[in-house]
Engineer: 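Submitted below is the structure of interest, expressed as structure tokens.
Residue numbers count from 1 along this sequence.
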Amino acid sequence: MAQLKMYWFTDSPLEELELPEGYSFSHYKDETDIPKWAACIWEDHEGNIDNERWQREIIDFKDITATEDMWFIDYNGEHIGTVTSFIYKNTGIGDMHWVGIRKDFRGKGLSKYLSYIVQKTLRDRGTPIVSLTTGENRPAAVKSYLTAGFLPVEYDVGMQERWEKVLDTFNIDSVQMVNEDGTPYKMIYRKV
């Protein structure tokens, strides 16, 4: 089954956020960061993270420069969350990729800062759209993306119905859905 896709348009308002005391952002530096990256996303990927997958998903991904595009959110200098932000060279569309927060730091509202750093960075780099994909099996992530202003994308059979169920899960009455080309599709409403 296709993943849920969402877009954020960089001409949308973006609330300026400051990290809480003790937290900071940093970039990937070298291979010593790989296990720290894996620890941030391990739980959401059934422990299926290893150096080979890291190589394939980050280093070998032609549009990603790890030292510029991969972010960590740190607590007192320790990596506790990660996100990768890059622009597809063939389309100019930005992407939010491999988002995760270490299990012992979840539930603290930190995901909004990961979304924010991607939205701000990719807006500053000039992309018109930031895209992401996720699954219904990550409800906290889906809710945080909706809260950050990302809109559902109609791009595959059954998407509208799936999104209507998601809206119902979060008691969200309605949201604008867009087509894959970024044009408005229609308002969708929660299934009740």
Engineer: For the side chain of Thr10 and the backbone of Pro128, is there at least one donor-acceptor N/O pair under 3.5 Å apart?
Structural biologist: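 Yes: the side chain of Thr10 pairs with the backbone of Pro128.
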Engineer: Is any side-chain heavy atom of Ile188 closer than 4.5 Å to a side-chain heavy atom of Ser174?
Structural biologist: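 Contact flag for Ile188/Ser174 side chains = no.
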Engineer: Would you say the side chain of Ile129 lies within less than 4.5 Å of the side chain of Trp8, judging by non-hydrogen atoms?
Structural biologist: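 Not in contact.
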Engineer: If you round to the nearest 0.5 Å, how far is OG1 of Thr84 from CG of Asp69?
Structural biologist: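 These two atoms lie 7.5 Å from each other.
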Engineer: Given Glu16 and Tyr116, is the side-chain hydrogen bond (donor to acceptor under 3.5 Å, both in side chains) satisfied, shown in steps?
Structural biologist: CA-CA 8 Å; Glu16 195 77 27; Tyr116 170 75; 2.7 Å; yes
Engineer: Take Leu4 and Val166 through the side chain to side chain contact (heavy atoms under 4.5 Å, CB included) test and state the conclusion after the steps.
Structural biologist: CA-CA 10 Å; Leu4 299 176; Val166 167; 4.2 Å; yes
Engineer: Sequence neighbours excluded and cut-off under 3.5 Å, please list the side-chain donor-acceptor pairs for residues 141-152, or say none.
Structural biologist:
residue : atom : partner : partner atom : Å
Ser144  : OG   : Ala141  : O            : 2.8
Thr147  : OG1  : Lys143  : O            : 2.9

Engineer: Begin from the C-alpha positions of Arg190 and Asn171 and carry the test side chain to side chain contact (heavy atoms under 4.5 Å, CB included) through to its verdict.
Structural biologist: CA-CA 7 Å; Arg190 63 188 272 208; Asn171 295 317; 3.1 Å; yes
Engineer: Quick one: does Val99's side chain get under 4.5 Å of Thr82's, heavy atoms only?
Structural biologist: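 Answer no - side chains too far apart.
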Engineer: Does Arg123 reach the main-chain N or O of Asp11 with its side chain, forming a donor-acceptor pair under 3.5 Å?
Structural biologist: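 No; judged by distance alone, with no hydrogens or angles, the pair does not exist.
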Engineer: Please check if the side chain of Asp30 supplies one atom and the backbone of Thr32 the other of a donor-acceptor pair under 3.5 Å.
Structural biologist: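 Answer holds: yes.
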Engineer: For the pair Lys186 and Gln176, evaluate side-chain hydrogen bond (donor to acceptor under 3.5 Å, both in side chains) and give the outcome as yes or no after the intermediate values.
Structural biologist: CA-CA 6 Å; Lys186 65 180 177 178; Gln176 174 67 51; over 6 Å; no
Engineer: So that I can tick it off, tell me whether Lys191 and Asp168 are bridged by a salt bridge, with the cut-off set at under 4.0 angstrom between side-chain N and carboxylate O.
Structural biologist: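 No, no charged N to carboxylate O under 4.0 Å.
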Engineer: Please determine whether side chain to side chain contact (heavy atoms under 4.5 Å, CB included) holds for the pair Cys40 and Ile101, giving the CA-CA distance in whole Å, both sets of side-chain angles, and the decisive distance to 0.1 Å.
Structural biologist: CA-CA 5 Å; Cys40 294; Ile101 295 178; over 6 Å; no
Engineer: Distance-only, no hydrogens or angles: does the Thr65 side chain make a donor-acceptor pair with backbone N or O of Thr67 under 3.5 Å?
Structural biologist: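 Pair absent, no side-chain N/O of Thr65 close to backbone of Thr67.
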Engineer: State, to 0.1 Å, how close Ile59 and Ala66 come at their nearest heavy-atom pair, and which atoms those are.
Structural biologist: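 Smallest heavy-atom distance, with atoms named: CD1-CB, 4.1 Å.
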Engineer: Consider only side-chain heavy atoms of I, L, V, M, F, W and Y, link residues closer than 4.5 Å, and tell whether Leu110 and Leu17 are in one cluster.
Structural biologist: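 Yes: a chain of side-chain contacts under 4.5 Å links Leu110 to Leu17.
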Engineer: Thr169 side chain to Lys165 main-chain N or O, any donor-acceptor pair under 3.5 Å?
Structural biologist: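 Indeed, once roles are kept as given, a pair shorter than 3.5 Å links the two residues.
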Engineer: Does Glu154 come within less than 4.0 Å of Arg162, counting only side-chain N to carboxylate O?
Structural biologist: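 The answer is no: the pair does not qualify as a salt bridge.
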Engineer: Measuring from atom CE of Met1 to atom CG of Asp156, what distance do you get when rounded to the nearest 0.5 angstrom?
Structural biologist: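 One gets 10.0 Å once the value is rounded to the nearest 0.5 Å.
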Engineer: Kindly list each side-chain donor-acceptor pair under 3.5 angstrom involving residues 86-97, sequence neighbours excluded, with atom names and distances?
Structural biologist:
residue : atom : partner : partner atom : Å
Thr91   : OG1  : Ile93   : N            : 3.1
Asp95   : OD1  : Ser131  : OG           : 2.8

Engineer: Let me check something: do Tyr189 and Tyr185 share a hydrophobic cluster, defined by ILVMFWY side-chain heavy atoms less than 4.5 Å apart, either directly or through other members?
Structural biologist: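 No, separate clusters.
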Engineer: Short question: side chain of Thr121, backbone of Ile117 - any donor-acceptor pair under 3.5 Å?
Structural biologist: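 Pair found, side chain donor or acceptor close to backbone of Ile117.
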Engineer: Taking all atoms of both residues into account, what is the closest heavy-atom pair of Gly135 and Gln3, and its distance?
Structural biologist: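 It is N-NE2, 4.0 Å.
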Engineer: Against Met177, only a single residue in Glu164, Met187, Gln160, Met6 fulfils side-chain contact (heavy atoms from CB on, under 4.5 Å); can you say which?
Structural biologist: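 The residue from Glu164, Met187, Gln160, Met6 that satisfies side-chain contact (heavy atoms from CB on, under 4.5 Å) with Met177 turns out to be Gln160.
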Engineer: Got Tyr113 and Pro20 here, is their nearest side-chain heavy-atom distance under 4.5 Å?
Structural biologist: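 The answer is yes, as the side chains (C-beta and beyond) meet within the 4.5 Å cut-off.
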Engineer: I'd like to know whether Met70 forms a side chain to side chain contact (heavy atoms under 4.5 Å, CB included) with Trp37, so could you lay out the CA-CA distance, the side-chain angles of the two residues, the decisive distance to 0.1 Å, and finally the verdict.
Structural biologist: CA-CA 10 Å; Met70 194 176 136; Trp37 173 81; 3.2 Å; yes
Engineer: Can you measure from CG (Leu132) to OG (Ser115) and round to the nearest 0.5 angstrom?
Structural biologist: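 One gets 7.5 Å once the value is rounded to the nearest 0.5 Å.
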Engineer: Do NZ/NE/NH1/NH2 and the carboxylate oxygens of Asp74 and Lys36 come within less than 4.0 Å?
Structural biologist: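 No, this pair does not count.
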Engineer: Hey, is Lys5 close enough to Glu180 for a salt bridge, meaning N to O under 4.0 Å?
Structural biologist: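 Salt bridge: yes.
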Engineer: Could you pull out all residues at least two apart from Phe9 that satisfy ring-ring contact (aromatic ring centres under 6.0 Å, His included)?
Structural biologist: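 Expected list: none.
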Engineer: Kindly compute the distance separating CD (Glu78) from OG (Ser24), expressed to the nearest 0.5 Å.
Structural biologist: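 Atom-to-atom, Glu78:CD and Ser24:OG are 11.5 Å apart.
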Engineer: Quick check: Tyr28 with Phe72 (ring centres under 6.0 Å apart)?
Structural biologist: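 Ring centroids of Phe72 and Tyr28 are no less than 6.0 Å from each other.
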Engineer: Do you know the tightest heavy-atom contact between Glu136 and Pro139?
Structural biologist: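 Distance-wise, the nearest heavy atoms are O-CD, 3.5 Å.
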Engineer: Taking the six-membered ring for Trp, are His27 and Trp71 parallel (under 30°), tilted (30 to 60°) or perpendicular (over 60°)?
Structural biologist: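 Ring orientation of His27 relative to Trp71: tilted.
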Engineer: How long is the gap from CZ on Arg56 to CD1 on Ile58, to the nearest 0.5 Å?
Structural biologist: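 The distance works out to 11.0 Å.
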Engineer: Roughly how far, to the nearest 0.5 Å, is OH of Tyr75 from CG of Leu19?
Structural biologist: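 Leu19 atom CG to Tyr75 atom OH measures 12.5 Å (nearest 0.5 Å).
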